[in-house]
Trainee: 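Take this structure first; my questions come after.
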Amino acid sequence: MSRFKPAAHTYTRTTTGWWRKNPYFTRYMAREGSAVFLSMYALVLLAGLNSLSRGEASYNAWRASLATPLAIVFHIVALAAITYHSITWFQVMPKTAPRLPFNAKMLTAGGLAAAAGCSAIILGALLWATR
Amino acid sequence: MGHALKRSGEPPFWALFGAGGMLSALIGPVLIFTTGIAVPLGLLPARTMSYAHVLAFAQNPLGKTAIFAVIALFLFHGCHRMVHSLHDVGIRTGPTARMVFYGAAIFGTFVAMALLVRIGF
Amino acid sequence: MTAPRQAKRTIEIECLRYNPETDGAPRHQAYQVPFDDDMSVLEGLQYIKDHIDGSLTFRWSCRMAICGSCGMMVNGEPVLSCHIFLRDYYPKKISVAPLEHFPIMRDLVIDQSDFLNKLDAVKPYLIPKHETPLAAGTNVQTPRQMEEYYQYSECINCLLCYAACPQYGLDPEFTGPAALALLHRYNADSRDQGFAARSDVVNAEHGVWGCTLVGYCSEVCPKNVDPAHAINQNKVTSTLDYFGLRKLLAPKGSSL
């Protein structure tokens, strides 16, 4: 449908580097970039699963690789990235929900509380299971 | 407009992206902290990730489901976001790019499934 | 007895200039504008046009953030120029440019035709199931039913959200924030039965699926329409529709 024709002799600007020009956009790209680290972590787990399937020696070799400085640094960066993902995820979650009868910020707070709760439960379960 | 607009194929991938995003938002940080920092550095006892414990977890039906869900959904979430990020930085992402990224997620999912079967009960 | 006149300060306003008849590309031109605390950026531009350079071209009308005419980029942010004050930028200089992501017609004036076509495409009017005669009386709507869509009806078509949206910048085929918010405004209106008529636009790649929830559109909207919410609610609806489950999650008061 083109009831309105474009004007003649207009100038179209480029969008190159758009995300560097506004801190809001840079934060958005960081949020999206967290997916790289999440994918890499999933591959780390997949590698671990593979090692696990090959027996104890192979699995322990995978564990040893996790203790190397490179691995530790990767996981620290990945933790920062996924934490940023988690916070921003619950911040934008109200936008995907229908109109709520309460303040959207409560949904965000609830989500973050759920994440904290799940973390506590998992850590607790691990400590209890390996006591 | 003379022609009908074609329906986008995004919904199933967006749904998987959403599931992976929710799961990783809830337990991603604690998983990375535990497996990648706390246990390797000794903040949690080493036996938390001992072969015996992890094998028992992976041989348990619920454990299998958990491991499968984490790997598969994290991969689908990551690949969906990454292909869109390529578009954001100006790289054209047509059907080929989508096939590569979602294909990688599907492949990873099948590998995880096969390994979990191999690990047995 | 009047209060003593404040001595006028001067602020530098740099404008992007473009004359399609003489310029190959846009250029910058800076002006020194005397101002006081009451002056909006729009009034600064009007001062330039009235006293310094009559050729400076820009749109404006109401001077009170309701007509949507005076949208432009000020220091890289999409704003209504009548809605922001020179005093808040002083002593730094102000850089004024036409709204991002639209072709420049002249100086600070952009070509809106693409948006107007997008607006046509979303069928921004009530579509009843059956035509009812005038004698049947007016439509009836409860306050609760009006709440479902009222926020989205506040849109003044100022296009700040399009200037804010990187996805529209990367691909102008994207229907865009305001058009999709207005689409939702009608879908959510209990008097409307046009959901099916608009679903092609919603479900298309350039419909709601062109949005990656950057969210900046809702940040810059001067009327708090929250287009990001309008669009992303409909990702759920579109997904259910994809799987043939649309009826499970009908917006309250709408027809599905």
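Chain naming here is simple, since letters A, B, ... match the order of the sequence lines and numbering starts at 1 in each. Just so you know, these numbers come straight off a predicted model, no measurement behind them. Scope of the values below: all heavy atoms of this structure, side chains included, with no hydrogens, waters or symmetry mates.
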Trainee: Between D23(C) and Y11(A), do the side chains contain an N or O donor and an N or O acceptor separated by less than 3.5 Å?
Mentor: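 No.
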Trainee: Quick check on the interface: out of P103(C), G169(C), G24(C), P20(C), who has the most heavy-atom pairs with chain A under 4.5 Å?
Mentor: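 Among the listed options, the one with the most contacts to chain A is P103(C).
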Trainee: Only pairs of heavy atoms separated by less than 4.5 Å count here; which of A230(C), G76(C), A25(C), S218(C) has the most with chain A?
Mentor: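 Option with the top pair count is A25(C).
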Trainee: More than 12 foreign heavy atoms under 6.0 Å from CZ of F243(C): is that the case here?
Mentor: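 Yes, because the 6.0 Å sphere around CZ of F243(C) holds more than 12 heavy atoms from other groups.
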Trainee: Please identify, among V92(A), N22(A), T12(A), the residue contributing the most non-hydrogen atom pairs under 4.5 Å to chain C.
Mentor: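 The residue among V92(A), N22(A), T12(A) with the greatest pair count is N22(A).
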Trainee: Look up atom NZ in K95(A) and atom CD in Q233(C), then write down how far apart they are to the nearest 0.5 Å.
Mentor: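 Spacing of NZ (K95(A)) from CD (Q233(C)) equals 10.0 Å.
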Trainee: Side-chain contact test, heavy atoms from C-beta onward, threshold under 4.5 Å: evaluate it for R99(A) versus Y152(C) and give yes or no.
Mentor: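 Yes - at least one pair of side-chain heavy atoms lies under 4.5 Å apart.
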Trainee: For H206(C), is the NE2 atom crowded, meaning more than 12 foreign heavy atoms sit under 6.0 Å from it?
Mentor: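 Correct, the count exceeds 12.
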Trainee: Closest approach of S113(C) and A7(A), non-hydrogen atoms and distance?
Mentor: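 So the minimum-distance heavy-atom pair works out to OG-N, 4.4 Å.
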Trainee: Do D120(C) and F4(A) come within less than 4.5 Å of each other through their side chains, counting heavy atoms only?
Mentor: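 Yes, at least one pair of side-chain atoms sits under 4.5 Å.
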Trainee: Is it the side chain or the backbone of E147(C) that comes within 4.5 Å of chain A heavy atoms, both, or neither?
Mentor: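 Its backbone and side chain both get close to chain A.
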Trainee: Among D114(C), L99(C), I231(C), I110(C), which has the most heavy-atom pairs under 4.5 Å with chain A?
Mentor: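 Answer, by heavy-atom pair count under 4.5 Å with chain A: L99(C).
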Trainee: Are any of the side-chain heavy atoms of R13(A) and P98(C) separated by less than 4.5 Å?
Mentor: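 Sidechains of P98(C) and R13(A): in contact.
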Trainee: Looking at every non-hydrogen atom in both residues, tell me the closest pair between F25(A) and P166(C) and how far apart they are.
Mentor: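 Looking at all heavy atoms of both residues, the closest pair is CE2-CG, 3.7 Å.
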Trainee: Quick one: does D111(C)'s side chain have a donor or acceptor within less than 3.5 Å of a partner on T10(A)'s backbone?
Mentor: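 Not a single qualifying donor-acceptor pair exists.
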Trainee: Quick one: does T15(A)'s side chain get under 4.5 Å of L170(C)'s, heavy atoms only?
Mentor: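 Yes; the side chains approach each other to less than 4.5 Å.
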Trainee: Non-hydrogen atoms of chain A under 4.5 Å away: do they reach the side chain of Q151(C), the backbone, both or neither?
Mentor: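 Interface part for Q151(C): side chain.
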Trainee: Answer with yes or no whether the side chains of T212(C) and Y28(A) bring together a donor and an acceptor at under 3.5 Å.
Mentor: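 Side chains of Y28(A) and T212(C): pair found under 3.5 Å.
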Trainee: Checking H229(C) side chain against A97(A) main chain: does a donor-acceptor pair fall under 3.5 Å?
Mentor: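 Confirmed, H229(C) side chain pairs with A97(A) backbone.
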Trainee: Y216(C) vs Y24(A) aromatic rings, parallel, tilted or perpendicular, using cut-offs 30° and 60°?
Mentor: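 Ring orientation, 0 to 90° scale: tilted.
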Trainee: Supply the atom-to-atom distance N234(C) CG to T96(A) OG1, rounded to the nearest 0.5 angstrom.
Mentor: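 Here the rounded value is 11.5 Å.
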Trainee: Within a strict 4.5 Å, meaning less than it, do heavy atoms of the V214(C) and R31(A) side chains meet?
Mentor: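 No, side chains not in contact.
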